[in-house]
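Sequential numbering from 1 along the given sequence is applied to the chain's residues.
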Amino acid sequence: MKLQDDIRDSENNSEKESFRKRSKASQRRRKKQLRTQMILINSAIALIIILIVMVGEVVSLNKGAYTESGAVEADKDTNRKSEDSGDSESTKKAQAEEAPAETEAPQESAAPDGQQRWIRTDLDKDKPMVALTFDDGPYTPVTSKILKVLKANDARATFFCVANRIPAYSDVVEQAYEQGCQIASHTYGHVYLTGIKKKQIKYQVDKANSAIEKVIGCKASALRPPGGMVDSKVKSTVGMPMICWSIDSEDWRSRNSKKIFKRCKSIQDGDIVLMHDLYQATASTVKKLVPYLQKKGFLLVTVDELFYYKGIELEDGQVYYSAK
């Protein structure tokens with residue numbers, strides 16, 4: 001009996017030892033699994049953080065690139081389509097938000113008069129004259145080609161600059177000025193002035209002049225209201241002559257050199273032609289149009305030159321469509 005009891009005790013002890021070993025092994029496996037899970041979780045969290053940082057950097061870089069290049073061409077196209085179909089109230093509200101509610105009163109400046117450079121006093125006043133004007137630039141890939149044609153033909157033009165683009169393309173603005181072209185204002189942010197308050201109108205005008213003066217040393221002497229949209233509030237606030245147009249090339253619509261040229265063939269003495277130095281088709285048209293007009297006896301002049309030789313004194317707050 002004793003032997004049997006000893007055998008049973010030995011078997012029980014063996015089972016207990018085996019159980020303890022299995023229990024310890026199971027605990028080690030669970031700990032190992034937990035460590036593995038924690039490592040995977042931490043790795044996943046780290047990966048998510050890295051991805052978030054990378055996405056943020058990409059968004060920031062893209063935003064900076066868009067702002068720097070002023071690749072506003074798409075925005076301008078949208079604005080022009082709004083002009084064609086009628087501007088919506090929501091668009092006007094969005095544009096109004098671009099300018100601050102408050103702005104300081106304009107400061108007097110000792111800047112030289114730009115007309116001293118872009119009005120020539122030795123032209124033949126009896127010859128027919130036309131003013132080619134370019135909106136929504138500057139944009140070097142196109143503006144520089146237009147300037148090359150003008151220089152080769154001793155011609156002048158007027159560039160109504162969207163002033164928030166000037167810092168990115170200041171070299172071509174300076175080049176245009178040095179060639180005797182007129183640098184004029186198309187507001188700071190291409191905002192429809194009829195849709196904003198007086199203080200915001202002053203902000204758009206003054207900030208544009210400041211950006212222009214910083215590059216060429218003088219302020220603009222004329223302004224083209226975006227979309228040609230003017231009302232009594234705008235007239236009483238801008239403090240500059242406003243220049244619209246008598247010939248619309250519709251280059252922004254067709255982007256086709258043949259169609260643009262066809263619309264410009266009706267040009268007459270005293271006309272102001274609307275074009276845009278954003279499209280390659282416009283530059284191609286100018287290459288043909290300038291010699292064509294000169295062959296017909298036209299002098300290609302700046303806006304200020306056109307009114308100077310036609311004996312029309314430009315007045316602040318007034319809108320001019322031609323010098324006929």
Side-chain angles (χ1 to χ4, degrees), residues 4-82 85 87-104 136-142 162-172 187-192 195-197 199-200 203-204 207-208 210-211 214 226 252 255 278-280:
Q4 291 178 348
D5 290 341
D6 290 341
I7 291 172
R8 280 195 299 269
D9 291 341
S10 178
E11 290 175 350
N12 290 335
N13 290 335
S14 177
E15 290 177 359
K16 290 179 180 179
E17 183 64 27
S18 175
F19 175 79
R20 282 195 295 271
K21 289 181 179 180
R22 288 196 305 270
S23 178
K24 289 181 179 180
S26 177
Q27 289 177 356
R28 285 195 296 270
R29 283 195 300 271
R30 284 199 297 271
K31 288 181 179 179
K32 186 176 181 180
Q33 289 174 348
L34 286 172
R35 284 198 299 270
T36 302
Q37 290 174 353
M38 290 301 298
I39 291 172
L40 291 174
I41 291 171
N42 289 335
S43 299
I45 293 172
L47 181 60
I48 290 170
I49 293 172
I50 292 171
L51 288 173
I52 291 172
V53 172
M54 290 177 66
V55 169
E57 289 295 328
V58 170
V59 171
S60 177
L61 288 172
N62 287 340
K63 183 178 179 181
Y66 177 84
T67 303
E68 183 65 24
S69 66
V72 134
E73 285 77 52
D75 293 336
K76 296 300 180 293
D77 288 344
T78 301
N79 286 344
R80 292 188 203 99
K81 289 175 182 176
S82 295
S85 61
D87 193 34
S88 66
E89 288 300 318
S90 60
T91 302
K92 292 179 180 179
K93 289 179 181 179
Q95 290 167 341
E97 291 173 356
E98 291 181 13
E102 300 293 333
T103 184
E104 295 180 359
D136 294 359
Y139 180 53
T140 299
V142 174
V162 176
N164 66 11
R165 296 175 62 85
I166 289 177
Y169 302 107
S170 58
D171 289 349
V172 79
T187 73
Y188 184 76
H190 199 275
V191 176
Y192 297 138
I196 59 179
K197 297 178 180 180
K199 288 184 178 180
Q200 295 168 320
Y203 170 85
Q204 286 290 324
K207 192 165 185 180
S210 178
K214 188 174 182 179
W252 60 271
R255 315 281 181 94
L278 292 179
Y279 313 116
Q280 294 296 339

What's the shortest heavy-atom distance between [X] and [Y], and which atoms?
{"X": "Pro226", "Y": "Val191", "value": "CG-O, 3.3 Å"}
{"X": "Thr187", "Y": "His190", "value": "OG1-N, 2.9 Å"}
{"X": "Trp252", "Y": "Tyr279", "value": "CA-CE1, 3.5 Å"}

**Request:** Please list, chain by chain and in numerical order, all residues satisfying side chain to side chain contact (heavy atoms under 4.5 Å, CB included) with Ile45, sequence neighbours excluded.
**Result:** Ile41, Ile49
**Asked** With Ala163, which residues qualify under side chain to side chain contact (heavy atoms under 4.5 Å, CB included), at least two apart?
**Response** Ile166, Tyr188, Ala208, Ala211
